[in-house]
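Numbers restart at 1 for each chain; the letters A, B, ... are given by sequence-line order, proteins then strands. Remember, it's a predicted structure, so these values are computed and weren't measured experimentally.
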Amino acid sequence: MSAVDVGRPGRPSRPGLLGGIWRGLRARFYGNNFLVLITIVLFAAMYIVGIFIYRDKNFGSLNSFFDMLNSNPGLIVIAAGMTMVLVSGGIDISVGSQVAMYCMMLAYFMEHKGVSAATMIVVVLVTGIVFGLVQGVLVAYFRIQPFIVTLAGMFFARGMTAMISPQTIDITNRDFMGLATKRIYFPFGGYTNAAGVYQRPFIYLSVVLAVFALLVVFTIMTWTKFGRNVYAVGGGEQSALLMGLNTRRTKLTVYTFNGLLTAFGGFLFCLFSTGGAVEKAQGFEMQAIASSVIGGALLTGGVGNVIGSFFGVLVQTTITKFINFNGTLANGWSSIVLAAIMSFFIILQSVFAYVRNKRR
Amino acid sequence: MADPLIRMRGITKNFPGVLALDDVDFTLWPGEIHALMGENGAGKSTLVKVLTGAEAFETGAIYLGGAAKPVINHSPQEAQGRGISTVYQEVNLCGNLTVAENLFVGRQPRRAGFVNWREMNRRARQVMEGIGVDIDVGKPLEGYSIAVQQMVAIARAIDISATVLILDEPTSSLNDQEVAKLFDLMRRLKADGLGIIFITHFLEQVYEVCDKITVLRNGRLVGEYAVETLSRTDLVAAMLGRAFDDLAAIQHKAAPVTGESGTPVIAARGLGVRGGVKPFDLDIYEGEVVGLAGLLGSGRTEVARAIYGADTADQGTLDVKGARPKHHPIDSMRAGMAFCPESRKDEGCLQDLSVRENIILAEQSKRGMRLMSRSEQEKIADEYIRLLQIKTASMETPIKQLSGGNQQKVIVARWLATHPDFLILDEPTRGIDVGTKAEIQKLCVRLADDGMAILFISSEIDEMLRTCGRIGVMRDLHKVGELAGDELSSSAIMAKIAGGEADE
Ligand SMILES: Nc1ncnc2c1ncn2[C@@H]1O[C@H](COP(=O)(O)OP(=O)(O)OP(=O)(O)O)[C@@H](O)[C@H]1O
Ligand SMILES: [Mg+2]
């Protein structure tokens, strides 16, 4: 009875090999990171099942895996940004409309005004920063609900898209298309198609850029003061304030940085879709939120991991892939399966929260 | 003689409808532990918040050190920069972060601009060892008990090379050993020349560690005293502004052994929760106040939760007035139970609702869908605001604007308002001033005399001896015994808590 009675009562440890592995995993992926681990395991399981079911369709080839990345560079970046916003305890539902706006800006000014691709990319990134800054000021300093602020942002960006041009514009700009079609080939992991031609696997340049951005966000969130402040603010704003953190500036930075990421993601999205249209990227914000949630982020803030959101994107894409490969299933199925998986994750999170509360 | 660390002069602070501080002076010297005393809502926390910049003030001046020019802190951050660190009444850390991060957030050790986690964890271990707490600093804080969280908060505050440390009721959720540890720490810091401002409602603690006492009443300064020159009775009189009929007067007149006859209101047989409290028997009769004693984490709260159905019991049986209700809080409520939980911040009060709404909440949900009329709500709210002397600008004030102790009273009122047959009070007097503490104890005794059965959980043995006719003792999630009548004494309870072999 001498030492201070600290924390959780000792639980009987599990014997044997499995117990050892379990304890090791628990220590490494303690608490919330555990959710990320589960996402990764889920993705791996789905993928392995896919490889077996569709082995005649080269599901297991690197080409097929890279396809998933090649069609989603924008989402990878934007889901990472969304995770950061969710961790801070906020939300940003304007990102889909923003992506449409950036695509339209690129398409319109390059095609109809002859502005160079390089200039337009810079303009888009700066616009993103300003867009995020304005939303951030409203959230952090005027204390308006993030949902409301970004709802307004969503309408505004969609409106601006239509203002720039109500017509669909395809991009033909040589520099831009050069970037869009730049492939990086892999020396192995391909397959020989029905015509007997060897298909070399490749990723687009945009994927490299997306993964780079993802790693930057991950680094910032894990190893910088700012990143840790975001977790603190999301975990308890009042507490963070009393611990001497500048919560308002943190939130402002979150939304501004997210504006930049959204613009960058919009640019990558445009590299893939090579055109602008008013109804582009409809529901994109919801895909981003879904990726974050599947990746272990809590909408209540304080918990989340951008690596998780990356796997969230992969899980979503895998579902779509299943439906496509099957060929007989209606497209609606992918939304339904997604709904089921999301529910599974949300339930899992509550179970975790419950178990933890009981321990206290 | 050195200069004082802090001189606050003529501080005035208004909240809408409340004059929280009225021309208050306060002086803190180096190497001094200075108690700030007063009733709930006297303005203690506000004075501290004004000092640290968490709240702005209207008139007056704050001087630091020997400086002739006054300073104003605009944020806790700024105050921290000037060497003033605070541990607030409620633990204010981020549960989602690890212990180490909570210690170092905002000032993490870095290498080449990046947070150096290894170094941070190493230093965190050092800091926690320094105050004698041995825990895994790499785990999220929310996994630890409130007591540990409080220790972490204090460790953080002193590690920020403070010259002034402010402790706002840090001991209300610590057990005796933890308090002793904290006091050791405070004395050590004092020897290093720190000035410590210590707010508490425990008089003994003040006499144990403090050098000076400043008393506030209704936002006004009553006086500053050296501890040796102020007797307890004078201190209480200064706080209340009137002489105080000694607490002993409450003494439960010969514990009502009325029970035993007839069916008990609560009869638990072998009730237990897997992974929680071990199977226990407990009978509580009409007109009885039964206490539960034990150290923090010994299973007192768990007993209450098992009876109330907040934790699902998977062993044993529970009869309520001879019937066997379904085991769920809403059924328990309908069966006439009420449970006033201990952690008001997490479970208790809905911060944005008004005092009135908070008071009628439980009664309303018991009645179901039909809304209570406004006038009825106001009548109930008014009754309990008066009964418990809740200090609030009006019944429509949001509860978050009340002082800590007054929030606690609102929660107690909420459950009293349901007129239960069986009431569970878990630490009802935590953070409540001596005067109201006595009022709550009296109220319990009176309610029992009117036929209510009460389960009273408290860390203060004296308080339980005054109110309870029978006391169950918990140790390590086991109910280890029960004392009644003549067996009831502080030493007997202590011995039971400590365990059979203890020779106290
Ligand atoms: N944010 C606020 N808005 C309005 N009134 C407030 C606010 N904070 C405190 N008050 C009022 O100021 C007065 C002093 O409160 P304070 O918290 O300083 O009391 P205290 O002495 O710390 O009491 P306790 O012992 O209960 O903690 C109370 O009447 C309280 O209702
Ligand atoms: Mg207070």
From A/Gln238 CD over to B/Asn92 CG, what is the distance, rounded to the nearest 0.5 angstrom? 7.0 Å
Say whether, by atom type as modelled, one donor and one acceptor occur between the side chain of B/Asn96 and the main chain of A/Tyr231 under 3.5 angstrom. yes
Nearest-0.5 Å distance, OG1 of residue B/Thr86 to CE of residue A/Met243: 13.0 Å
A quick test of your reading: do over 12 heavy atoms of other residues, nucleotides or ligands sit less than 6.0 Å from CZ of B/Phe114? no
Whether B/Arg110 side chain and A/Lys225 backbone form a donor-acceptor pair below 3.5 Å: no
Distance from B/Cys94 atom SG to A/Leu245 atom CG, nearest 0.5 Å? 7.5 Å
Select one option (side chain, backbone, both, neither) describing which atoms of B/Leu93 are under 4.5 Å from chain A's heavy atoms. both
Within 6.0 angstrom of A/Phe147 CZ, more than 12 heavy atoms from elsewhere: no
For the atom pair CZ (A/Arg228) and CD (B/Gln108), what is the distance rounded to the nearest 0.5 Å? 8.0 Å
Under 6.0 Å from the CZ atom of A/Phe226, do we count more than 12 heavy atoms belonging to anything else shown? yes
Between A/Trp223 and B/Asn116, is any pair of side-chain heavy atoms under 4.5 Å apart? no
If I measure from the heavy atoms of chain A, does B/Asn102 come under 4.5 Å with its side chain, its backbone, both, or neither? both
Okay, A/Leu241 and chain B: the region with an atom under 4.5 Å from a heavy atom over there is backbone
Near B/Asp476 CG, under 6.0 Å, is it more than 12 heavy atoms from other residues, nucleotides or ligands? no
